[in-house]
Amino acid sequence: MARKKVEFKYIANDSKRKATQKKRKSGLTKKVDEISTLCGVDACAIIYTPDEPRPEVWPSPLEVNRVISRFKEMPELDQSKKMMSQESFLRQRIQKGQDQLKKLKNENRKKEMNNLMFQSLGGYQSLDNATMIDLNDLAWIIDQNIKEVNKQISKLQGQEGTSSNNNRVATINEEQAQVDNIINDGVFSFVDAANNFQNDYRPTPFNP
């Protein structure tokens, strides 16, 4: 059974909040113990709770004082270099989520344009109703595919070291010509229509 995702906000219910506090506090000290033991690093935890007059420390007050003293001996610039508040942590998570969303949108757009390209080549879909943005993105996808085909052809041609492989090179050139013909006959008919609009409208370049 999948774990229920916890909503990241203050828990108003007293009993639930106290139970969560106890559970999370135990988990926090366990994690600090693990990183200290497994990685051999100096680490400590100081936890203040509303119900306790004195803070709970881990692993011991003496060890906490030693770690804090070591931290204070560092220059102030080095102290704050990797310091993170709750606000900066949340801002970092939001930025990471936005970057992931942008990446997914670009990937989905590339898949959409690839599908449109193959549908057009097969005669299953017309480009008559495509927008200028669609045509611009489609042109970029076609260009990337042509570059990839030429890259693979150059790679194969570079591996041909003897005259016995001339037939294979000729076959590759023939296949390249066929690809070019298919593209020219099936897809590039939309270019003329796109150019007619470029004087009045300049689409935003597709930037994956």
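Heavy-atom basis, side chains included; hydrogens, waters and symmetry copies ignored. Numbers here simply count residues along the sequence, with the first being 1.
For the pair Arg109 and Met113, the minimum side-chain heavy-atom distance is below 4.5 Å. Considering only heavy atoms from C-beta on, Val149 stays 4.5 Å or farther from Asn145 through its side chain. Within the 4.5 Å cutoff, no side-chain heavy atoms of Lys110 are placed close to those of Gln144. Looking at heavy atoms from C-beta onward, Lys23 lies out of side-chain contact with Thr20 at the 4.5 angstrom threshold. Leu138 has its side chain within reach of Leu127: a pair of non-hydrogen atoms, C-beta onward, lies under 4.5 Å apart.
Ser88 places no side-chain N or O within 3.5 Å of a backbone atom of Met84 that could act as its donor or acceptor partner. Within the 3.5 Å criterion, the main-chain N or O of Ser26 finds a donor-acceptor partner in the side chain of Thr29. For the pair Glu56 (side chain) and Ile47 (backbone), a donor-acceptor distance under 3.5 Å is absent. Proximity of a side-chain donor or acceptor of Ser36 to a complementary backbone N or O of Asp42 within less than 3.5 Å is not detected. With hydrogens and angles disregarded, a donor-acceptor distance shorter than 3.5 Å links the side chain of Asn65 to the backbone of Pro61. Of the possible donor and acceptor atoms, none in the side chain of Ser80 sits under 3.5 Å from a partner among the backbone N and O of Met83.
The structure places CD of Gln100 at 11.0 Å from CD of Gln98, a figure rounded to the nearest 0.5 Å. Here Asp137 contributes atom CG and Asn106 contributes atom CG; the two are 9.5 Å apart, rounded to the nearest 0.5 Å. The NZ atom of Lys105 sits 13.0 Å away from the CD atom of Glu112 when rounded to the nearest 0.5 Å. Interatomic distance, Asn115 CG to Ser120 OG, rounded to the nearest 0.5 Å: 9.0 Å. How far OG1 of Thr49 is from NZ of Lys18: 10.0 Å, rounded to the nearest 0.5 Å. With values rounded to the nearest 0.5 angstrom, Asn129 atom CG is found 10.5 Å from Asp134 atom CG.
Atom CG of Leu62 sits in a sparse spot, with 12 or fewer heavy atoms from other residues, nucleotides or ligands closer than 6.0 Å. The number of heavy-atom neighbours closer than 6.0 Å to CD1 of Ile11, taken from other residues, nucleotides and ligands shown, is above 12.
Note: the hydrophobic cluster containing Ile35 does not contain Leu28 (ILVMFWY, side chain heavy atoms under 4.5 Å, direct or indirect links). Ile146 and Ile141 fall within a single hydrophobic cluster, where Ile, Leu, Val, Met, Phe, Trp and Tyr side chains are chained together by heavy-atom contacts under 4.5 Å. The hydrophobic clustering, which links ILVMFWY residues whose side-chain heavy atoms are closer than 4.5 Å, places Val67 and Phe71 apart. Met117 is not connected to Tyr124 by any chain of hydrophobic side-chain contacts under 4.5 Å among Ile, Leu, Val, Met, Phe, Trp and Tyr, and they are in different clusters. Cluster membership for Phe118 and Ile142, using ILVMFWY side-chain heavy atoms within less than 4.5 angstrom, is shared.
Heavy atoms only, all atoms of each residue included: Cys44 and Val64 are closest at CB-CG2, 3.8 Å. Taking each heavy atom of Ala43 and Trp58 in turn, the nearest pair found is O-CZ3, 3.8 Å. Among all heavy-atom pairs drawn from Pro50 and Gln21, the shortest one is CD-OE1, 3.9 Å.
Under the 4.0 Å criterion applied to side-chain N and carboxylate O atoms, Lys111 and Glu107 are not assigned as salt-bridge partners. At a threshold of 4.0 Å, the pair Glu73-Arg70 does not count as salt-bridged, since none of the basic side-chain nitrogens sits closer than that to a carboxylate oxygen. A salt bridge links Arg66 to Glu63: at least one charged side-chain nitrogen sits closer than 4.0 Å to a carboxylate oxygen.
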Quiz item: Does the side-chain hydrogen bond (donor to acceptor under 3.5 Å, both in side chains) test come out yes or no for Asp99 and Gln95, once each step is laid out?
Solution: CA-CA 6 Å; Asp99 292 342; Gln95 183 61 49; 2.9 Å; yes

Exercise. Please test Glu34 against Lys30 for side-chain contact (heavy atoms from CB on, under 4.5 Å), starting from the C-alpha separation and ending with a verdict.
Key: CA-CA 6 Å; Glu34 287 176 356; Lys30 181 181 178 181; 3.3 Å; yes

Self-check item: Verdict with supporting geometry, Gln152 and Glu148, side-chain hydrogen bond (donor to acceptor under 3.5 Å, both in side chains)
Solution: CA-CA 6 Å; Gln152 293 299 323; Glu148 183 62 27; 3.1 Å; yes

